[in-house]
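First comes the structure, then the notes that go with it.
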Amino acid sequence: MSSANLSLTLVPAGRCLTFVKEECQRVHIYRRVVGEGSAWRHIAYDASSPFVDKEVFAAGTGLEYHVQYCTQFDEYEGHSPLVHVTLA
């Protein structure tokens, strides 16, 4: 499994997520809106890094992300720490 690091930066197009993806590994990206319950939304399947989340949200919205690491057969290996951003 990779080091499970995840970083988030704001870019003009949205939120750019950067992570390590090893060969023959699948990375799935999840997002949730803070304050709207604890439901995670699966926003990308077998994503590549960097990944830009372009969905538009209102200023002041808090978002959390994590990535899930799986084998090439989609067997769970682990997940990253959460990253959080509040949109300006």
*Identify the residue among Val83, Leu6, Leu17 that makes a side-chain contact (heavy atoms from CB on, under 4.5 Å) with Val67.*
Leu6
*asked:* With a 6.0 Å cut-off (strictly less than), is the heavy-atom count around OH of Tyr76, excluding the residue itself, greater than 12?
replied: yes
_Residues Asp46, Lys21: salt bridge by 4.0 Å N-O rule_ = yes
_Arg32 side chain near Leu63 side chain, heavy-atom distance below 4.5 Å_ = no
_ILVMFWY network linking Val11 to Leu8, side-chain heavy atoms under 4.5 angstrom_ = no
*Report whether Tyr30 and Tyr69 are members of the same hydrophobic cluster (ILVMFWY, side-chain heavy atoms less than 4.5 Å apart, transitive linking).*
no
*Does a side chain donor of either Gln25 or Glu77 reach within less than 3.5 Å of an acceptor in the other side chain?*
yes
*Group every Ile, Leu, Val, Met, Phe, Trp and Tyr by side-chain heavy-atom contacts under 4.5 Å, then state whether Ile43 and Leu10 land in the same group.*
yes
*Quick one: do Val33 and Phe51 end up in the same hydrophobic cluster if we chain Ile, Leu, Val, Met, Phe, Trp and Tyr together by side-chain heavy atoms under 4.5 Å apart?*
yes
*Could you go step by step and tell me if Glu55 and Arg15 meet the salt bridge (Lys or Arg N to Asp or Glu O under 4.0 Å) rule?*
CA-CA 9 Å; Glu55 189 166 340; Arg15 281 103 23 229; over 6 Å; no
*Contact summary for His28 and Cys70, nearest pair of heavy atoms*: CD2-SG, 3.6 Å
*Are Arg31 and Phe57 close enough that some pair of their side-chain heavy atoms sits under 4.5 Å apart?*
yes
*Output all residues satisfying side chain to side chain donor-acceptor pair (under 3.5 Å) with Thr86, sequence neighbours left out; order by chain, then residue number.*
His84
*Under 4.5 Å between side-chain heavy atoms, hopping through other hydrophobics if needed: is there a path connecting Tyr45 to Val52?*
no
*From Glu22 CD over to Gln72 CD, what is the distance, rounded to the nearest 0.5 angstrom?*
12.5 Å
*Could you tell me which non-hydrogen atom of Cys16 sits nearest to which non-hydrogen atom of Pro50, and how far apart they are?*
SG-CB, 3.6 Å
*Is the side chain of His42 donor-acceptor paired with the backbone N or O of Ala44 at a distance under 3.5 Å, no angle test?*
yes
*Taking only residues two or more places apart in sequence, or in another chain, which ones meet Tyr65 in a ring-ring contact (aromatic ring centres under 6.0 Å, His included)?*
none
*For Arg26 and Asp74, which heavy atoms make the closest approach, and how far apart are they?*
CD-OD1, 3.7 Å
